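As the structure is a computational prediction, the values presented were derived from the model and not from experiment.
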Amino acid sequence: MNWTLEVVIVPVSDVERAKKFYADQLGFTVDHDTVINDDARIVQLTPPGSGCSIVIGKGVVPEMPAGSLKGLQLVVPDLKRAHEELVGRGVEVSEIQVVGQNPRPVPDPLDNVGFVFFADPDGNTWGVQQISSRA
């Protein structure tokens with residue numbers, strides 16, 4: 001039996017601001033934006049090519065302090081291109097960093113060990129790792 005992670009709740013203080021960040025700046029697809037009433041809203045967004053989505057909202061999602069989710073990670077086949085895209089979309093992103101070393105030869109020296117980091121407007125933090133074999 002496969003056990004797939006499909007959704008991660010990301011705690012935010014302003015749903016509309018977070019939706020704009022994830023959709024417009026990161027390029028996530030808005031799967032749905034459901035307003036149940038003035039106090040309840042669910043927005044599901046999915047990174048391009050991902051099998052796992054994020055959900056932001058109010059009233060019907062578990063309550064967690066906004067910005068308390070740390071260390072979410074995305075994987076891309078080309079970290080230099082991903083960094084350029086994030087900068088071009090106005091995301092405050094770190095420079096490319098090499099974290100550790102590969103235990104065996106890889107096609108690109110950034111594979112597995114190349115990362116950039118950023119935070120959403122509430123302070124939830126993300127890493128982006130290069131693994132070109134998943135392209």
Side-chain angles (χ1 to χ4, degrees):
M1 173 179 358
N2 291 334
W3 295 55
T4 61
L5 180 63
E6 299 284 337
V7 174
V8 174
I9 307 295
V10 177
V12 300
S13 61
D14 181 326
V15 177
E16 195 59 36
R17 178 183 72 175
K19 178 184 172 186
K20 286 180 182 177
F21 176 78
Y22 286 104
D24 298 344
Q25 290 189 266
L26 295 184
F28 287 20
T29 300
V30 178
D31 301 319
H32 67 84
D33 184 345
T34 304
V35 177
I36 298 163
N37 58 46
D38 289 343
D39 298 317
R41 180 178 177 191
I42 301 170
V43 181
Q44 182 171 327
L45 304 107
T46 304
S50 180
C52 185
S53 302
I54 65 166
V55 166
I56 57 175
K58 65 178 183 174
V60 290
V61 295
E63 290 204 24
M64 298 180 279
S68 63
L69 198 55
K70 307 296 182 192
L72 290 166
Q73 188 163 310
L74 299 165
V75 173
V76 297
D78 184 337
L79 190 60
K80 291 175 184 169
R81 191 170 123 218
H83 184 266
E84 289 172 7
E85 282 186 27
L86 291 171
V87 168
R89 291 173 178 253
V91 176
E92 289 185 32
V93 61
S94 73
E95 293 300 318
I96 293 174
Q97 301 174 31
V98 173
V99 179
Q101 34 179 283
N102 279 299
R104 61 194 171 286
V106 291
D108 184 299
L110 289 177
D111 279 347
N112 307 314
V113 296
F115 291 85
V116 296
F117 302 95
F118 65 89
D120 74 8
D122 283 294
N124 296 297
T125 62
W126 292 78
V128 182
Q129 178 186 25
Q130 176 173 307
I131 302 178
S132 66
S133 63
R134 293 193 186 164

Novice: If we ignore hydrogens and angles and just use 3.5 Å, is the side chain of Lys70 paired with the main-chain N or O of Gly123 as donor and acceptor?
Specialist: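 Such a contact is found between Lys70 side chain and Gly123 backbone.
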
Novice: Which pair of non-hydrogen atoms, one from Asp31 and one from Leu45, has the smallest distance, and what is that distance?
Specialist: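 Minimum heavy-atom contact is OD2-C, 3.7 Å.
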
Novice: Distance-only, no hydrogens or angles: does the Gln44 side chain make a donor-acceptor pair with backbone N or O of Val55 under 3.5 Å?
Specialist: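 Not confirmed, Gln44 side chain does not pair with Val55 backbone.
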
Novice: Taking all non-hydrogen atoms of both residues, which atom of Pro47 and which atom of Cys52 are closest, and how far apart?
Specialist: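 Looks like CD-O, 3.4 Å.
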
Novice: Checking His83 side chain against Ser94 main chain: does a donor-acceptor pair fall under 3.5 Å?
Specialist: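 Indeed, once roles are kept as given, a pair shorter than 3.5 Å links the two residues.
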
Novice: Kindly give the heavy-atom pair with the smallest separation between Asn124 and Pro11, and that separation in Å.
Specialist: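 Minimum heavy-atom separation between Asn124 and Pro11: ND2-O, 2.8 Å.
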
Novice: Is Glu6 atom CD crowded by more than 12 heavy atoms from other residues, nucleotides or ligands, each under 6.0 Å away?
Specialist: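 Enclosed: over 12 neighbouring heavy atoms sit under 6.0 Å from CD of Glu6.
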
Novice: Using a cut-off of 6.0 Å, state whether more than 12 heavy atoms not belonging to Asn37 lie near its atom CG.
Specialist: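 Correct, the count exceeds 12.
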
Novice: Test side chain to side chain contact (heavy atoms under 4.5 Å, CB included) on Asp122 and Arg17; report intermediate values, then the result.
Specialist: CA-CA 9 Å; Asp122 283 294; Arg17 178 183 72 175; 2.9 Å; yes

Novice: Between Asp24 and Arg89, does the salt bridge (charged side-chain N to carboxylate O under 4.0 Å, His left out) criterion hold? Intermediate values first, please.
Specialist: CA-CA 8 Å; Asp24 298 344; Arg89 291 173 178 253; over 6 Å; no

Novice: Measure the acute angle between the ring planes of Phe28 and Trp126, then classify it against the limits of 30° and 60° as parallel, tilted or perpendicular.
Specialist: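 Plane angle over 60°, so perpendicular.
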
Novice: With a 6.0 Å cut-off (strictly less than), is the heavy-atom count around NZ of Lys80, excluding the residue itself, greater than 12?
Specialist: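 Atom NZ in Lys80 is not crowded, with 12 or fewer foreign heavy atoms closer than 6.0 Å.
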
